[in-house]
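A short worksheet on the structure shown next.
Proteins get letters first, then strands, A, B, ... in listed order; numbering begins at 1 in each.
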Number of protein chains: 2
Amino acid sequence: MTDDTTRSETEVLIMEATYAALRRHGYADLSVAQIADEFKKSKSLLYYHYDSKDDLIAAFLSFAADQFMADIEAVTAAEEPVATVRTLVDHLLTVESREMRDGQRMIIELRGQAVSEPRFRERFTRVDDRLRERIRSALAAGVERGVFDAEIDPEDTAGMLYAALTGAMVQQHTADGDPTEAVRRMIHRRLDRLVVD
Amino acid sequence: MTDDTTRSETEVLIMEATYAALRRHGYADLSVAQIADEFKKSKSLLYYHYDSKDDLIAAFLSFAADQFMADIEAVTAAEEPVATVRTLVDHLLTVESREMRDGQRMIIELRGQAVSEPRFRERFTRVDDRLRERIRSALAAGVERGVFDAEIDPEDTAGMLYAALTGAMVQQHTADGDPTEAVRRMIHRRLDRLVVD
DNA sequence: GTCTATAGAAAGATAGAC
DNA sequence: GTCTATCTTTCTATAGAC
């Protein structure tokens, strides 16, 4: 279900080295040599496992997407509708550690590349669809159970919320000043009002 | 006010060549040679006018930001509060020509680079601040004149709206499926409700 | 200001041994 | 599967003439 292409032990090590290299250098001027530097074994071994640099990065994006989605599923599993949305919002907008910050920065930078890299775009499409659907289904379930105002359109509302989350993350990492708190407040306030007392 | 560094005729030609090269090749593997190819004069002349490639690109980003903001000001000039926000939303979410699409893609791609390029980040900070402020002041003016519900917090609301706009644009150009219509509908609907009858 | 020519560095990728 | 060594291309940037 998670499209986990089977990854050998070495391949997992390569993915981790790629992660480390991306954290350290960013994507813009990431070289295969830099990835190899984060890797116990040799540079040419990377070419044994992947046909090209682009191939390797595309594989990494799948790897990262798998990890990210598993993380999300774990956090929001088995919560009721309102809590699911709130948790998701807080999870996406919170940067508690340097590791999380670097991880998000990496994603934002790679996302920019998806403009012209079809393989990247494909992975982001997948993640977007799943997150949006997660919000939509929570909203729909809420309406069905009578906890949310029946006036809302779960599809559009989910699209709007997820766009706001994406935009806040992008702005946070590509401009000074942090818009995430305003967005978080607005969404929680909105949820308060949507809940039928 | 617009921080227009004075640009010589040749420099404007270089900016236009850079724009053409970015449209054609994207930022990811843009070379100075490719910029020169869109330019009547020689490659080395680029280095006479700019110290380095990064310098040239940073200058281009200022140039593009100036154009973009002038465009926005022109479209929203002298409109009343509600119309200003509606026009801004439609303007940012509408892609009517190939030129507009390419322009937006270019911005999104460059924005990804702002993660690790301080000079890029600085430019995006400026544009973000101005657009957010434009929305905020329109909302505040609307409240003051009694056309908007006095309950809203113009600052946070502007942050939320602008985040949604940014997110919709980013998603539109970095994933398949177009979330802009949902976001546009939601915002206009929201504005309908905010207007005190 | 503008050109041609090229230096110098770095990158992606492969050859071939073990 | 993994290594070392290296080929080849491409790129940024400069030198030096006009």
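If you measure from atom CG of A:Leu56 to atom P of C:dA11, you get 16 Å, rounded to the nearest angstrom. Going from atom NE2 of A:His25 over to atom P of C:dA11 covers 10 Å, rounded to whole Å. Rounded to an integer number of Å, the gap from OH of A:Tyr27 to C1' of C:dA11 is 13 Å. At whole-Å resolution of the value, CG in A:Leu46 and C1' in C:dG12 are 12 Å apart. What separates CD of B:Glu11 from P of C:dT2 is a distance of 10 Å, to the nearest Å. Distance A:Leu45 CG to D:dC3 P: 6 Å, rounded to the nearest Å. Atom CZ of A:Phe39 and atom C1' of D:dT2 are 9 Å apart (whole Å). Protein atom NZ of A:Lys40 is 13 Å distant from nucleotide atom P of D:dC3, rounded to whole Å.
Note on the helix from C:dG1-D:dC18 to C:dC18-D:dG1: angle between the axes of the first and last five pairs equals 0°, rounded to 10 degrees.
Summarising the hydrophobic clusters (Ile, Leu, Val, Met, Phe, Trp, Tyr; side-chain heavy atoms under 4.5 Å, direct or chained), the residues clustered with A:Val12 are none. Through direct or indirect side-chain contacts shorter than 4.5 Å among Ile, Leu, Val, Met, Phe, Trp and Tyr, B:Met100 is connected to B:Val95.
Of the N and O atoms on the side chains of B:Thr174 and A:Arg121, not one donor lies less than 3.5 Å from an acceptor on the other residue.
Sorted by residue number, the list of members of residues 110-118 of chain A with any non-hydrogen atom under 4.0 Å from DNA chain C is empty.
If you check C:dG1, D:dT2, D:dC3 against the side chain of A:Tyr48, the one that comes closest is D:dT2.
Taking a 6.0 Å sphere around CZ of A:Arg189, one finds it holds more than 12 heavy atoms contributed by other residues, nucleotides or ligands.
Legend: salt bridge (Lys or Arg N to Asp or Glu O under 4.0 Å) pairs involving residues 28-37 of chain B, not counting sequence neighbours: none detected. Annotation: salt bridge (Lys or Arg N to Asp or Glu O under 4.0 Å) contacts involving residues 45-61 of chain B, sequence neighbours excluded, comprise B:Asp55-B:Arg119. Sequence neighbours left out, not one pair with a member in residues 138-155 of chain B passes side chain to side chain donor-acceptor pair (under 3.5 Å).
When the side chain to side chain contact (heavy atoms under 4.5 Å, CB included) test is applied to A:Thr94, the partners found at least two apart in sequence or on another chain are A:Asp90, A:Glu96, A:Arg184. Considering only residues two or more places apart in sequence or on other chains, A:Ala33 meets the side chain to side chain contact (heavy atoms under 4.5 Å, CB included) condition with A:Ser31, A:Lys43. Residues that satisfy the salt bridge (Lys or Arg N to Asp or Glu O under 4.0 Å) test with A:Asp178, not counting sequence neighbours, are absent from this structure. In this structure A:Glu9 satisfies the side chain to side chain contact (heavy atoms under 4.5 Å, CB included) test with no other residue, sequence neighbours excluded.
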Nucleic acid footprint by protein, nucleotides 11-18 of chain D - heavy-atom cut-off 4.0 Å, B for base, S for sugar-phosphate alone: SBBB----
